[in-house]
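Heads up, the thing below is written out as C-alpha cells.
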Amino acid sequence: MSKKIQLYSLATPNGQKVSVALHELGLDFDTHVIDIRKGDQFTDEFKKINPNSKIPALVDPDGPGGKELALFESGAILLYLAEKTGKLLPADPAAKWETVSWLMFQMGGVGPMFGQFGHFTKYAPEKVPYAINRYTTEAKRLLGVLEARLTGRQYIMGDDYTIADIATFPWVVCLSAFYNADEALGLADFKAVQAWVNRCMERPANKAGMHVAPFPAS
Amino acid sequence: MSKKIQLYSLATPNGQKVSVALHELGLDFDTHVIDIRKGDQFTDEFKKINPNSKIPALVDPDGPGGKELALFESGAILLYLAEKTGKLLPADPAANWETVSWLMFQMGGVGPMFGQFGHFTKYAPEKVPYAINRYTTEAKRLLGVLEARLTGRQYIMGDDYTIADIATFPWVVCLSAFYNADEALGLADFKAVQAWVNRCMERPASKVSVFGAYNCWVIASCDAGGGAMCKEVALSAYDNADEALGLADFKAVQAWVDRCMERPASKAGMHVAPFPAS
C-alpha cells in the first residue's frame with residue numbers, strides 16, 4: 001500500500017483548500033478524482049471514507065500511532081495537517097484559537113453561503129429571485145466582514161499565512177472564476193479582499209494546489 | 001473583572017451548543033443576552049468580540065497564559081472548551097480526529113442547511129417552493145447520514161458523549177421544537193436519531209440548557225417569571241408546539257417540568273440567555 005497521503009477530491013473550492021495545503025506543506029500525495037457530477041461520491045467504497053458523500057476526504061496511511069486514518073470535512077483535514085506538521089497555525093495558543101475561530105467562520109458561513117449563492121445564480125434550473133437576493137445579500141455581508149478584517153493585514157491572522165486563509169480564499173476566487181459574480185457582488189469594491197486574494201494566489205504552492213483533481217472533461 | 005467565562009448568546013441551537021457544554025463541564029459563567037431580533041449583535045462592543053456579528057461568542061478571562069481570550073463560532077468554542085478541560089473529546093488521537101470530522105460535518109452541513117430549511121419553512125415572508133424543496137431534501141439527506149452513523153451506537157463516537165453530539169443534537173431538537181417539521185421531514189422515521197436525541201436530552205446539562213431554554217422562552221414571553229409552565233401560553237406563544245411535539249404524551253416530562261420549575265435554583269438556572277420579551 002502506498003505510504004503517501006491519499007486525497008479524494010475535485011477542484012471545487014473545498015477540494016482546493018486541501019490540495020493547496022498539501023502543496024504548501026510539501027507533502028506527497030496521490031489524488032483520486034471523485035466526480036460529483038457523476039455520483040462517484042455515493043459508492044460504498046467512498047462512503048466508508050466519508051459517510052456524508054462529499055469531497056474532499058483524505059486517508060493518511062501514516063496517521064496517529066503509525067496507523068491509517070481517514071478524515072472528511074476540509075476544516076478537519078486542514079486542522080489535522082497543521083497539527084501533524086506544526087505549520088500553518090500560529091504557535092501562540094491565543095493566536096491559534098483566533099485562527100480556529102476564523103476557520104470556523106469559513107466552514108459555517110463563507111462556504112455554505114457562497115455555495116447557496118452559486119447554486120441560485122448559476123446552477124438552479126429555475127430563477128428564484130427571493131433566494132438570489134437572500135444569498136447575494138449574505139455573500140456581500142460576509143465579504144464585508146473579510147474586508148474589515150483584512151484592512152491593514154497581510155493575511156487573516158496578520159503577517160502569518162494560516163489555514164484560515166487557505167480555507168477562505170479559494171471560495172472568494174470561486175465567486176469570480178466559477179460564479180462570474182464580479183458585478184453581482186461588486187467584488188472590485190472589496191479592495192483589501194482583492195489584494196489578499198492576489199497575495200494568496202501568488203504563492204508558488206497555489207499554482208499547482210488550485211489545479212489538483214481538475215474536473216474531468218465531460 | 002469577573003473571573004468567570006463570559007458567554008454572549010441566545011437560546012438558538014448554536015447558542016445552546018455552548019451552554020450545554022458549559023453545564024456539562026461544570027464551568028461557571030455569566031451570560032450576556034444578545035437579542036439578534038433587536039440587532040444587539042451589531043454594536044461596536046459586540047463586534048470587537050465577534051466581527052461576524054453572530055452568537056454565540058465567548059470571552060475566557062483565564063485563557064492561555066492567564067490572559068483574556070475572545071472566541072467566536074460555536075465549533076471553535078466547543079473545541080477550545082474540550083481542550084481546556086480535557087473532556088468531551090476522546091483521548092485517543094485517531095478518535096479525536098474522527099470526532100473533529102463529525103464536528104465539522106455539523107458546522108459546515110447540519111447547521112447551515114437545517115437553518116436554511118428553517119428560514120424557508122418558518123421565517124421567510126413569502127413561500128418559495130424551490131427552496132423549501134431543496135432544503136427539505138438536504139435536511140432529510142443529512143438526517144439519513146446521522147441515522148446510519150447512530151445505528152448501533154449510543155452517541156456519534158460510540159460510547160463516548162463528545163462535542164460532536166453537543167454540536168448536533170440541539171439542531172435536531174430545533175427541527176421539531178422551533179420549526180415544527182416532524183411531518184415535513186418524517187422525523188419519526190429516523191429511529192436511531194430519535195433515540196440518540198432522547199439520550200442526549202436526558203443528560204442534566206441538556207435539560208437546563210435546551211429544554212430549559214425553550215421553557216424559559218415561553219415563561220419570559222408570558223411574564224410568569226418562574227412559575228409552572230402555562231399551557232395556554234405555550235400554545236399561543238409557541239405556535240402549536242403541543243401538537244408538533246405531542247407534548248401531552250410526555251406525562252413524566254410535564255410532571256418533571258412542574259417539579260423543576262418549583263425549585264428556587266431554577267429561577268437562575270433556567271434563564272440562560274432567554275429571548276427577551278419583545
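Throughout, a chain's letter reflects where its sequence line sits, starting with A, and its residues are numbered from 1.
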- Item | Under 3.5 Å: donor-acceptor pair, side chain of A:Ser101, backbone of B:Ala76 | no
- Query: What distance do A:Leu79 atom CG and B:Met104 atom CE have between them, rounded to the nearest 0.5 Å?
  - Reply: 4.5 Å
- Query: Of the non-hydrogen atoms in A:Pro112 and B:Gly108, which two are nearest, and what is the gap between them?
  - Reply: CG-O, 3.5 Å
- Message: Can you tell me which of B:Lys54, B:Arg141, B:Met113 forms the most heavy-atom pairs within a distance under 4.5 Å of chain A?
- Response: B:Arg141
- Under 4.5 Å to a heavy atom of chain A? For B:Lys47 that would be neither
- Contact class of A:Leu142 relative to chain B, heavy atoms under 4.5 angstrom: side chain
- Message: Does atom CD (A:Glu126) have a neighbourhood of more than 12 heavy atoms from anything else shown, all under 6.0 Å?
- Response: yes
- Pair count under 4.5 Å, heavy atoms only, with chain B: among A:Ala131, A:Pro129, A:Ala124, A:Gly115, highest is A:Ala124
- Message: Tell me whether the count of non-hydrogen atoms from other residues, nucleotides or ligands lying under 6.0 Å of CD in A:Glu83 goes above 12.
- Response: no
- Item | Segment of A:Lys67 engaging chain B (4.5 angstrom heavy-atom cut-off) | neither
- B:Val100 versus chain A, heavy atoms under 4.5 Å apart: side chain, backbone, both or neither? both
- Message: To the nearest 0.5 Å, what is the distance between CG on A:Asn52 and CH2 on B:Trp102?
- Response: 7.0 Å
- Residues, nucleotides or ligands: over 12 heavy atoms within 6.0 Å of B:Lys87 NZ: no
- Item | A:Tyr135 and B:Phe120 aromatic ring geometry - parallel, tilted or perpendicular at 30°/60° bounds | tilted
- Query: Just how far is it from atom CD of B:Gln106 to atom CD of A:Glu73, taken to the nearest 0.5 Å?
  - Reply: 10.0 Å
- So which pairs with a foot in residues 143-172 of chain B pass salt bridge (charged side-chain N to carboxylate O under 4.0 Å, His left out), sequence neighbours left out? B:Glu98-B:Arg149
- Looking at A:Gly63, A:Ala148, A:Pro125, A:Ala70, which one has more heavy-atom pairs under 4.5 Å with chain B than the rest? A:Pro125
- Item | Atom pair CG (A:Leu71) and CH2 (B:Trp97), whose distance is rounded to the nearest 0.5 Å | 7.5 Å
- Atom CD of A:Glu138 and atom CD of B:Gln116: how far apart are they, to the nearest 0.5 Å? 8.5 Å
- Could you grab the distance from atom CD1 of B:Ile77 to atom CH2 of A:Trp97, nearest 0.5 Å is fine? 11.0 Å
